[in-house]
Amino acid sequence: MDRELVVVSIGGSILIPGKDDAEFITKLAEMLRRVSSRVNVAVVCGGGKIARYYTETGRELGGSEYDLDMLGIGATRLNAGLLALALGDLSSKDIPTTIDAAADAFSHGKILVMGGTEPGHTTDAVATMLARELGGRRVVNATSVDAVYSDDPRKNPDAVRYDKLTIDELEKLVYSDHGAGKSSVFDPLGVQIAKSEKIDIMMVDGRNLAELEKAIAGEPFDGTFVNSQ
Ligand code: UTP
């Protein structure tokens, strides 16, 4: 089969909203099942609140950055386990822990679900690494904002909403973001990989399953299209 492969990076706070979680994950799984008849899908799950709880508590206990990253990775894999459960036979309950293991698992034609791999980056970067490994040309970032903005739209009413960006423009934004110590719209390492591998990034509100489905299917969607070509 030569259907396109799309890697979805889903934020932990999207996957586990903290209220009626099973209901949301069920709906997400139904959408993924539907869209997977059009494109091959791999999903990398973030850690969300659970990761934050563990890393903050680990920090109070004197953990090193490596220790805290390992705790965060554990949370991403727990979250991935819930999505895999909701996907049933379409996924595997064994969550791959490396890109190589994921590439092997992917050949079985299911929806691949995983979390983090190793310390030092986030699941956005894992998603771009997986796309690179599997020859995917697009990463869909299902996130808590509906698009990329020039500044935080909650704090700055003049923030500009971008429908389209080039990868160089996104790069500038994430580095200025990062310098200020803010959580970045996309992991800077992921931006570097997307840039060198010419992988497009589609930023979409992950709670809006209709728009997320369009983005995964490659249809016009409401969000930000980051062109890396
Ligand atoms: P996330 O990918 O959820 O990070 O991983 P995040 O920064 O909270 O995500 P978003 O994009 O803002 O939603 C949670 C934590 O797990 C560790 C990192 O510490 C990360 O902050 N992690 C995750 C790794 O060290 N390596 C990985 O491959 C993935």
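Computed from heavy atoms alone, side chains included, the values below leave out hydrogens, waters and symmetry copies. In listed order, ligands and their atoms are each counted from 1.
In summary, the atoms of ligand 1 found under 4.0 Å from a heavy atom of Gly120, numbered by their order in the structure, are 25 (O). If you number the atoms of ligand 1 from 1 as listed, the ones under 4.0 Å from a heavy atom of Val126 come out as 28 (O). Residue Gly72 has at least one heavy-atom neighbour below 4.0 Å for each of these atoms of ligand 1: 15 (C), 16 (O). Atoms of ligand 1 lying under 4.0 Å from any heavy atom of Asp124, numbered from 1 in the order shown and given with element: 11 (O). The Pro119 neighbourhood of ligand 1 comprises atoms 25 (O), with distances under 4.0 Å to a heavy atom of that residue. Residue-ligand proximity, Gly116 to ligand 1, at heavy-atom distances under 4.0 Å covers atoms 27 (C), 28 (O), 29 (C). Near Thr117, meaning under 4.0 Å from any of its heavy atoms, are these atoms of ligand 1: 27 (C), 28 (O). Within ligand 1, counting atoms from 1 as listed, the ones closer than 4.0 Å to a heavy atom of Gly46 are 3 (O).
The salt bridge (Lys or Arg N to Asp or Glu O under 4.0 Å) contacts involving residues 26-45 comprise Glu23-Lys27, Arg34-Glu213, Arg38-Glu219, where partners must be two or more places apart or lie in separate chains.
Between Asp168 and Lys195, at least one side-chain N (NZ, or NE/NH1/NH2) sits under 4.0 Å from a carboxylate O, which counts as a salt bridge.
Tested against Ser92, the residues Asp89, Asp94, Ile95 include a single side-chain contact (heavy atoms from CB on, under 4.5 Å) partner, Asp94. Between Arg154 and the options Asn156, Asp152, Asp151, a side chain to side chain donor-acceptor pair (under 3.5 Å) holds for only Asp152. Screening Leu209, Ile216, Leu212, Ile111 for a side-chain contact (heavy atoms from CB on, under 4.5 Å) with Val35, the sole residue that qualifies is Ile216.
Annotation: Gly47 places an N or O atom under 3.5 Å from an N or O atom of ligand 1; distance criterion only.
Nearest-heavy-atom check against atom 5 (O) of ligand 1 across Thr76, Thr143, Thr55, Leu71 picks out Thr76. Nearest to atom 2 (O) of ligand 1 by heavy-atom distance, out of Asp69, Asp187, Thr123, is Thr123.
A donor-acceptor pair under 3.5 Å is formed between the side chain of Asp200 and the backbone N or O of Ser228.
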Run the side-chain donor-acceptor check on residues 6-22: report pairs under 3.5 Å with partners two or more places apart or on a different chain.
unit_1 : atom_1 : unit_2 : atom_2 : d
Ser9   : OG     : Asp124 : OD1    : 2.8
Asp21  : OD1    : Gly18  : N      : 2.7
Asp21  : OD1    : Lys19  : N      : 2.9

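Heavy atoms of Thr122 found under 4.0 angstrom from ligand 1 belong to the backbone as well as the side chain. With a 4.0 Å cut-off on non-hydrogen atoms, Glu118 touches ligand 1 through its backbone and not its side chain.
When all heavy atoms of Thr76 and Gly47 are compared, the pair lying nearest together is CG2-N, 3.4 Å. Between Asn40 and Arg3, the shortest heavy-atom contact is ND2-O, 3.5 Å.
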